[in-house]
There are 2 protein chains.
Amino acid sequence: MTTQLPARDRVLNAYEELLIKDGPRAATLDAVAAVAGVSKGGLLYHFKSKEALTGGLVHKLKELAELDFAAMEQDPEGCASYYVRTSVFGGTTFDTAIVAAMRLAQGEDSTVREAFAEIHATWYKLILSDVGDSAVARAIMLLGDGLYYNVAVFGTTTTPQATALDGQEVDLESLLKVVTLMRSGTRS
Amino acid sequence: MTTQLPARDRVLNAYEELLIKDGPRAATLDAVAAVAGVSKGGLLYHFKSKEALTGGLVHKLKELAELDFAAMEQDPEGCASYYVRTSVFGGTTFDTAIVAAMRLAQGEDSTVREAFAEIHATWYKLILSDVGDSAVARAIMLLGDGLYYNVAVFGTTTTPQATALDGQEVDLESLLKVVTLMRSGTRS
DNA sequence: GTCTATATGTTGATAGAC
DNA sequence: GTCTATCAACATATAGAC
């Protein structure tokens, strides 16, 4: 039996869980507190307002993004391959934070949108430095956005390597082959 | 000076406008009624509940989708080209309905998600019949999803032919070239 | 640090006049 | 068909005990 996480972390995890499972409307302070196993007052000790709670999620997202950038740069198969491979939802901490935050991006909170814009900009820069061509880099970015969007809207599946897309399956291998095809036209 | 639209249509348009501009949370019955230029009671005469209002939007979306399918099948450049071209936000009635509904898709209302799943399935079928290869068809679908997702999250831009993506521009021509590249690998 | 009230503002929805 | 009350439910946030 593992030691319980600190209340603050449990609250953040509960917020993510509710955002993903039931959407922003259901992720009330009451509900988050209940899932985290604390009272509403207890929650508000760690995050003084709902805005602060969202701020905590955004902060976590940015931290995990930094780690992702580092891994992306060092990947033996290159940034583009890394990006496509990791855009297929794998249930990592980062994936969870992204999908949770995506559900908030449609709201009024501009901080979430701004965080996404920053992360996107860095991803694009890294992919471009890998593939060379800007149109191909953008296409790859859009593929990744599409993958995350599908998870955010239609939910996750059990298989980590394949995610459901309108009853069809997107498998990673075929997708990587298509990406190779895209790159082949511009390779020097 | 054009004749005023019927109140029912004005309400639906106001709902879309608020969903796109300020998100689902801001699209309250009060706000929708105000934008539409009717009272809350007046709104509730046409749509008996908020659920019914969303139902009206979904119905409109499905109707416009049928027209889109027909245009897609008849396009001289093929379904895939049509899909990519029209996935770049152009401000059409259909585009507006899609983006507005996308903002609702993250919520608890499963009817919106189901409508999207249906529309997606038909698009996929048509694109597959055009390009032949399932992996390429899926990649094209994901590109379109990515384009719409970017509009839904980051908002529209002024230029109809190019939409902003993290400070960069996605221009349609380059994207179509990349799609051609994808297809070239599987062409018989 | 965590809890139990409690205050305050919104939101969706009803009733009934016009 | 459209309006003006009005209500009950819920959400965020505060105050203060433990």
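Computed from a predicted model, the values in this text were never measured in an experiment.
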Got a second to check how far A:Tyr148's OH is from B:Tyr149's OH, nearest 0.5 Å? 10.0 Å

To the nearest 0.5 Å, what is the distance between CG (B:Asp95) and CZ (B:Phe89)?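 Reported value, rounded in 0.5 Å steps: 5.0 Å.
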
Separation of [X] atom [atom1] from [N] atom [atom2], in whole Å?
{"X": "A:Leu43", "N": "C:dT2", "atom1": "CG", "atom2": "C1'", "result": "11 Å"}
{"X": "B:Arg25", "N": "D:dC10", "atom1": "CZ", "atom2": "P", "result": "16 Å"}
{"X": "A:Asp9", "N": "C:dG1", "atom1": "CG", "atom2": "P", "result": "13 Å"}
{"X": "A:Asp30", "N": "D:dA13", "atom1": "CG", "atom2": "C1'", "result": "12 Å"}
{"X": "A:Lys48", "N": "D:dA13", "atom1": "NZ", "atom2": "C1'", "result": "12 Å"}
{"X": "A:Glu51", "N": "D:dA13", "atom1": "CD", "atom2": "C1'", "result": "13 Å"}
{"X": "A:Lys40", "N": "C:dT6", "atom1": "NZ", "atom2": "P", "result": "14 Å"}
{"X": "B:Phe47", "N": "C:dG12", "atom1": "CZ", "atom2": "C1'", "result": "16 Å"}

Side chain of [X] only, please: which of [options] is the nearest?
{"X": "B:Lys50", "options": "C:dA13, C:dC3, D:dT12", "value": "C:dA13"}
{"X": "B:Ser39", "options": "C:dA13, D:dT2, D:dC3", "value": "D:dC3"}
{"X": "A:Leu44", "options": "C:dA13, D:dA13, D:dG1", "value": "D:dA13"}

May I ask you to say whether A:Glu16 pairs ionically with A:Lys60, meaning some side-chain N is under 4.0 Å from a carboxylate O? yes

Does a side-chain N-to-carboxylate-O contact under 4.0 Å join B:Arg183 and B:Asp133?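 No, this pair does not count.
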
Whether A:Arg8 contacts C:dT2 is assessed here as follows: a side-chain N or O lying under 4.0 Å from the phosphate OP1 or OP2. Is that the case?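 Checking C:dT2 against A:Arg8, no side-chain N or O comes under 4.0 Å of OP1 or OP2.
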
Please determine if a side-chain N or O atom of A:Tyr45 lies less than 4.0 Å away from the OP1 or OP2 oxygen of C:dG1. yes

Pick the nucleotide of DNA chain C nearest each of B:Ala26 and A:Gly42; which residue has the one closer to the 5' end? A:Gly42

On DNA chain D, compare the nucleotides closest to A:Thr28 and A:Gly41; which residue's is nearer the 5' end? A:Thr28

Identified side-chain contact (heavy atoms from CB on, under 4.5 Å) counterpart of A:Leu53 within the set A:Val11, A:Leu44, A:Val58: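 That would be A:Val11.
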
